[in-house]
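We name chains A, B, ... by the order of the sequence lines, and we start the count at 1 in each one. What you see below is based on every heavy atom in this structure, not just the backbone, and it leaves out hydrogens, waters and symmetry mates.
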Amino acid sequence: MTETEIKKTTIVFMGTPDIASIVLESLHLENYPILGVVTQPDYKLKNKDEDEYISPVKKLALEKNIPIYQPQKLDDDFKKWLKNLSPDLIIVTAFGKIIPRDILEIPKFKSLNVHASLLPKLRGASPIQNALANGMNETGITIMLMDEGIDTGDILSQKSIIIDPQDDYITLTGKLAVAASSLILKTIPSWIDGSLAPTKQDSNGATMCQLIEKSDGKINWDEDAQDIYNKFRAFRVWPGIFTFWENKNNLQKLSLNQIIVEKDKLGEKHHLGEVFKYSENEVGVQTNSGVIILEKIQLAGKNETPVNDFLNGYPDFIGSILK
RNA sequence: CGCGGGGUAGAGCAGUUUGGCAGCUCGUCUGGCUCAUAACCAGGAGGUCGCAGGUUCAAAUCCUGCCCCCGCAA
């Protein structure tokens with residue numbers, strides 16, 4: 001099969017967030033015929049009259065004049081729409097819904113999933129966040145044939161990525177998106193021409209990651225500073241990390257929007273969760289091992305403020321115990 | 001009509017319940033001290049108290065309407 005023939009492979013793309021839109025864009029730039037894009041329905045953000053959440057994938061598709069389908073459910077109507085397009089291949093990247101087997105098998109060349117981990121590690125909904133939260137120093141992209149399980153399909157190709165200690169959700173997503181784009185462009189041709197043999201996953205090494213909940217952002221001060229910092233990196237965009245501060249007999253939510261991790265000073269150890277002057281103009285919170293230096297914090301209902309400004313208004317913050 | 005917090009000097013906040021001189025910490029400016037400093041001492045500048053209307057002898061404070069910021073929920 002020639003390269004020109006391969007480039008005629010028609011594709012339906014399914015995905016939602018930024019990383020998906022970057023993969024979609026690279027397919028589009030390579031001139032693959034993209035028959036349609038499937039993405040999550042928009043939803044209105046209340047209290048903000050006109051703001052609507054539109055997925056990055058939808059925005060890109062609108063720009064490129066690609067037909068869009070936003071099904072509430074992957075039902076018969078959706079199946080009809082897809083059969084009507086009759087793509088050669090479906091490519092799924094962070095779509096956000098489980099896709100039934102009969103849909104996956106509609107295209108001649110089946111359905112490929114671009115997953116942001118080195119499978120069988122970190123199967124499931126939040127591989128990027130979990131790689132960071134677990135303090136891993138390597139993750140990657142896996143392209144696999146989809147089956148009815150959650151990220152259990154046979155592997156076609158993988159590419160690993162080193163996680164820098166400074167990486168957070170935003171920077172790591174960027175790196176993974178780049179890797180995902182180049183890997184899918186390499187993988188499609190050898191899959192289509194039959195030169196690539198799928199490999200079964202070793203389910204013994206499998207780990208799962210759950211959908212992230214708001215409450216996952218709550219800090220336990222009896223964890224180590226590095227673990228808390230890893231959570232901060234992982235939940236940077238959502239849900240963030242937060243703790244509670246008792247201000248005038250009110251327990252108020254306090255978000256930590258910018259922090260640094262430090263080792264304990266020799267001979268200095270405070271109560272767990274205690275706020276103290278770490279240095280002349282640094283404010284620290286004691287953890288089980290190490291100190292979290294606060295830089296920018298935000299009290300519920302207030303704007304984000306640098307911690308030193310916060311102290312001007314709330315001098316009692318020093319010496320209090322965060323819960 | 002989803003629930004709630006907030007808007008007071010450049011920054012962060014008190015004061016509003018019970019109407020009565022516009023406050024605190026930081027920054028900033030001037031002077032002093034000092035080898036020196038983000039330290040210390042003395043002094044100063046900086047306000048339409050979100051906007052509009054109402055009540056009152058008197059409104060940041062009470063009443064009505066509006067604008068804006070944020071947290072929760074979705």
Would you say the ring centroid of [X] lies under 6.0 angstrom from that of [Y]?
X: A:Trp238; Y: A:Tyr169; result: no
X: A:Tyr229; Y: A:Phe232; result: yes
X: A:Phe317; Y: A:Trp245; result: yes

Candidate nucleotides B:rC13, B:rC69, B:rA11, ranked by approach to the side chain of A:Tyr314 - the nearest: B:rC13
By nearest atom, which of the nucleotides B:rG12, B:rG71, B:rC69 is closest to the A:Ala300 side chain?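 My answer, after comparing the listed nucleotides, is B:rG71.
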Expressed as a whole number of Å, how far does the [atom1] atom of [N] sit from that of [M]?
N: B:rU16; M: B:rC62; atom1: C1'; answer: 10 Å
N: B:rA9; M: B:rC24; atom1: C1'; answer: 12 Å
N: B:rC49; M: B:rC40; atom1: P; answer: 32 Å
N: B:rG4; M: B:rG47; atom1: C1'; answer: 29 Å
N: B:rG31; M: B:rG12; atom1: C1'; answer: 28 Å
N: B:rC72; M: B:rA14; atom1: C1'; answer: 26 Å
N: B:rA52; M: B:rU48; atom1: P; answer: 12 Å
N: B:rU34; M: B:rA42; atom1: C1'; answer: 16 Å

Do we see a donor-acceptor contact under 3.5 Å between the side chains of A:Thr187 and A:Ser157?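 Checked: A:Thr187/A:Ser157 side chains pair up, N/O donor to acceptor below 3.5 Å.
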Side chains of A:Asp222 and A:Asn288: any donor to acceptor distance under 3.5 Å? no
Rounded to whole Å, please give me the gap between [atom1] in [X] and [atom2] in [N].
X: A:Asn303; N: B:rC13; atom1: CG; atom2: P; answer: 8 Å
X: A:Phe244; N: B:rG71; atom1: CZ; atom2: C1'; answer: 11 Å
X: A:Asp316; N: B:rU25; atom1: CG; atom2: C1'; answer: 12 Å
X: A:Lys277; N: B:rA39; atom1: NZ; atom2: P; answer: 12 Å
X: A:Phe317; N: B:rC26; atom1: CZ; atom2: C1'; answer: 17 Å
X: A:Asn308; N: B:rG10; atom1: CG; atom2: P; answer: 20 Å
X: A:Gln252; N: B:rC13; atom1: CD; atom2: C1'; answer: 13 Å
X: A:Glu213; N: B:rA74; atom1: CD; atom2: P; answer: 11 Å

Short side-chain N/O contact from A:Lys302 to OP1 or OP2 of B:rG12, under 4.0 Å: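 So the side-chain polar atoms of A:Lys302 never come under 4.0 Å of the phosphate oxygens OP1 or OP2 of B:rG12.
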Does NZ or CZ of A:Lys253 fall inside the cone over A:Phe242's six-membered ring, less than 6.0 Å from its centre and within 45° of the axis? yes
For A:Gln298, answer base if it contacts any base atom (sugar-phosphate contacts may also be present), sugar-phosphate if it contacts only those atoms, and nothing otherwise; contact means non-hydrogen atoms under 4.0 Å. sugar-phosphate
Using purine N1 to pyrimidine N3 plus N6-O4 or O6-N4 for Watson-Crick, or N1-O2 and O6-N3 for G-U wobble, both under 3.5 Å, which nucleotide pairs with B:rG2?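 B:rG2 is paired, partner B:rC72.
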Applying a 3.5 Å limit to both distances, which nucleotide forms a Watson-Crick or G-U wobble pair with B:rC66?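 Across any shown strand, B:rC66 pairs with B:rG50.
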Relative to the 5' end of RNA chain B, which residue comes earlier, A:Leu299 or A:Asn281, by the nucleotide with the nearest heavy atom?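 Whichever sits nearer the 5' end wins; that is A:Asn281.
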If you pin A:Ser255 and A:Phe310 to their nearest nucleotides in RNA chain B, which one's is more 5'?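 On the 5' side of the pair lies A:Phe310.
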